[in-house]
Amino acid sequence: MHCRGEPIHRIQYTAEEIKTWGTVLTELTKLYPQHACQEFQRNFPMFNFRQDEVPQLEDMSRILKSATGWQIRPVAGLLHPRDFLNGLAFRTFHSTQYVRHHSQPMYTPEPDVCHELLGHVPMLADSAYCDLVQNIGVASLTADEKQIWHLTKLYWFTVEFGVVREGDQIKGFGAGVLSSYGELQHMASGKAKMVDFDPFVPQPKMSYKDGYQKQYFVLNSFQEGAKQLLDYCLSITDPEVVKEHMKNLDKD
């Protein structure tokens, strides 16, 4: 059990787990130059990912803390959506530490450390993107159950499976895209529908067990996406609560 304020326990990964990590890293890095957004590509070298070593969450958390003030907290598995989203409001990302099964290195039914580190962590070193993520979290602090479910979908279609325009091209930034060889290729194939992101409209069903995404929600920029989500946050949350939360967070 991890205690707040203490270093994250360092995992001794097996040779098989290291090999699986190395396979995932090798295959995905072939696609990043063409299909990952520029923010991801700019941040990726900061973490010095190596094929022969699964990164430790404590080391990754220190890099994020220095870059954007975010931190990682380890969890054994999926949290309740409210608990997970609340953490984002405090610039805390909850991450697993286990490695997916070696028999399917390019697939995991639930988020493993390959998904967390390759999909989420490099993006959390970008300040505009972090504002976007944190605004979802702040909105969750006083949300009712219906609003939590809507926020969970907003998280899903941005932080997990979001894409962003870069000129006349569409690039991936969601962790579910960036950590999946097949999803990256599918996103770039033109087979899926591209829809402008709007946090105020009802979101479609979340799905990942019945194949790749049938549609992706597109941001024009992370700054604009953060503003859209802040506007939604302020529509369901007392602005004074938001102001006080950010003020107290900056004090810490």
* Describe, in one word, how the ring planes of Phe47 and Phe49 are oriented to each other, choosing from parallel (under 30°), tilted (30 to 60°) and perpendicular (over 60°). =>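 The rings of Phe47 and Phe49 lie parallel, inter-plane angle below 30°.
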
I'd like to know if the side chain of [X] reaches the main chain of [Y], judged simply by a donor and an acceptor atom lying under 3.5 Å from each other, with no hydrogens or angles considered.
X: Ser61; Y: Gln71; value: no
X: Gln51; Y: Thr23; value: no
X: Asn135; Y: Ala226; value: yes
X: His150; Y: Pro199; value: yes
X: Arg100; Y: Thr20; value: no
X: His186; Y: Ala192; value: no
X: Gln203; Y: Trp156; value: no
X: Tyr32; Y: Phe44; value: no
X: Lys65; Y: Trp70; value: no

* Asked: Which residues satisfy the salt bridge (charged side-chain N to carboxylate O under 4.0 Å, His left out) test with Lys243, sequence neighbours excluded?
  ->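 Per chain and number, Lys243 pairs via salt bridge (charged side-chain N to carboxylate O under 4.0 Å, His left out) with no residue.
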
* Asked: Picking from Val159, Leu141, Val133, what satisfies side chain to side chain contact (heavy atoms under 4.5 Å, CB included) with Leu88?
  ->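 Only match with Leu88 under side chain to side chain contact (heavy atoms under 4.5 Å, CB included): Val133.
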
* To do: May I ask you to check whether Tyr216 and Phe157 place their ring centres under 6.0 Å from each other?
  => no

* Would you please indicate yes or no on a ring centroid separation below 6.0 angstrom for Phe40 and Tyr129? =>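 Between Phe40 and Tyr129, which both carry aromatic rings, the centre distance is not below 6.0 Å.
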
* Asked: Does the side chain of Glu160 come under 3.5 Å of the side chain of His120 through a donor N or O and an acceptor N or O?
  ->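 Side-chain D/A pair, Glu160 to His120: present.
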
* Which pairs pass side chain to side chain donor-acceptor pair (under 3.5 Å) with one or both residues in residues 38-48, sequence neighbours excluded? ->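 Residue pairs with at least one partner in residues 38-48: Arg42-Asp126.
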
